[in-house]
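A quick write-up on the structure given underneath.
Just so it is clear, the structure is predicted and the values come from calculations on it, not from any experiment. Start at 1 with the first residue, then count along the sequence.
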Amino acid sequence: MKRILSVVAVLLFAVALAACSNQKAPAEQALKAAEEALNAGKAEAMKYVPDLVKNAEDALKAAKDTFAKGDYAGATSAATAVAAKAKDLVSASAAKKAELTKDWEELNAGMPETIAAIQSRVDALSKSKKLPKNLDKAKLESAKSDLAEVSKSWDEASKAYKEGSLADALAKGKGAKEKAAQIMSSLGMSAPPAAGAVTGRAYTGETPAGGR
């Protein structure tokens, strides 16, 4: 009886081992496919949705840990989930890129004219024999210096955009826009209109008649 039980135990172990072996290969393939899918879209996704990339990488590591523990069925299931995350990365990255591109285009539609308007105002004031009320020479010189910084920041933003660094371009561009608004206020200019709001004429930034 003991011999029979021993043989049965050996047979059951052999069956279990065979089952594990049959699951190991598919698990390895699933992990490999998931990793390849993640790597395929990882570089682009890092520019726009880095948090989602990290989540996918953490999930892949967990799947590999599960495999290392011998849970091949669990590893296969986890790898399949990682592959789905990798697929979602592509769509999420594309959506974020489109959003940032739209924001940049709206910013770019107004900033060059805003900078030109400030420059025109500074040039006119520099040639004026008498400065307007609430504006002295020190403020004018400060505005000139600040305008140079704005122009430099905007050039850097434009360069970042051309290089594909949309998030960086927007950060620099918005900073330049905020600084430009401060300069305009100090020079007694009206605030720049929203992107696309000016049609039929160039924006000059001059305060409307009777406005000041």
Measure the spacing between [atom1] of [X] and [atom2] of [Y] and express it to the nearest 0.5 Å.
X: Asn55; Y: Asp88; atom1: CG; atom2: CG; value: 11.5 Å
X: Leu60; Y: Asn39; atom1: CG; atom2: CG; value: 8.0 Å
X: Met111; Y: Trp104; atom1: CE; atom2: CH2; value: 8.5 Å
X: Ile183; Y: Met189; atom1: CD1; atom2: CE; value: 9.5 Å
X: Asp123; Y: Ile118; atom1: CG; atom2: CD1; value: 12.0 Å

Checklist entry - Are the charged groups of Lys96 and Glu99 less than 4.0 angstrom apart, N to O? => result yes

Checklist entry - Using 4.0 Å as the upper bound for N to carboxylate O, is an ion pair formed by Lys69 and Asp65? => result no

Give every donor-acceptor pair under 3.5 Å between a side-chain atom in residues 135-144 and any protein atom, sequence neighbours left out.
residue: Asp136; atom: OD1; partner: Ala138; partner atom: N; Å: 3.2
residue: Asp136; atom: OD1; partner: Lys139; partner atom: N; Å: 2.8
residue: Lys139; atom: NZ; partner: Asn134; partner atom: O; Å: 3.2
residue: Glu141; atom: OE2; partner: Lys144; partner atom: NZ; Å: 3.4
residue: Lys144; atom: NZ; partner: Ser126; partner atom: OG; Å: 3.1

Item to check | Non-hydrogen side-chain atoms of Lys64 and Glu35 separated by less than 4.5 Å | outcome: yes

Checklist entry - Quick check: does any side chain N or O of Thr76 sit under 3.5 Å from a backbone N or O of Tyr72, one acting as donor and the other as acceptor? => result yes

Which atom pairs, one a donor and one an acceptor, fall under 3.5 Å between side chains of residues 148-166 and the rest of the protein, sequence neighbours left out?
residue: Ser151; atom: OG; partner: Leu147; partner atom: O; Å: 3.1
residue: Ser153; atom: OG; partner: Glu149; partner atom: O; Å: 3.1
residue: Ser158; atom: OG; partner: Trp154; partner atom: O; Å: 3.0

Any idea which heavy atoms bring [X] and [Y] closest together, and the distance?
X: Ala63; Y: Leu31; answer: CB-CD2, 3.6 Å
X: Pro132; Y: Arg121; answer: CG-NH2, 4.3 Å
X: Leu52; Y: Ala92; answer: CD1-CB, 3.7 Å

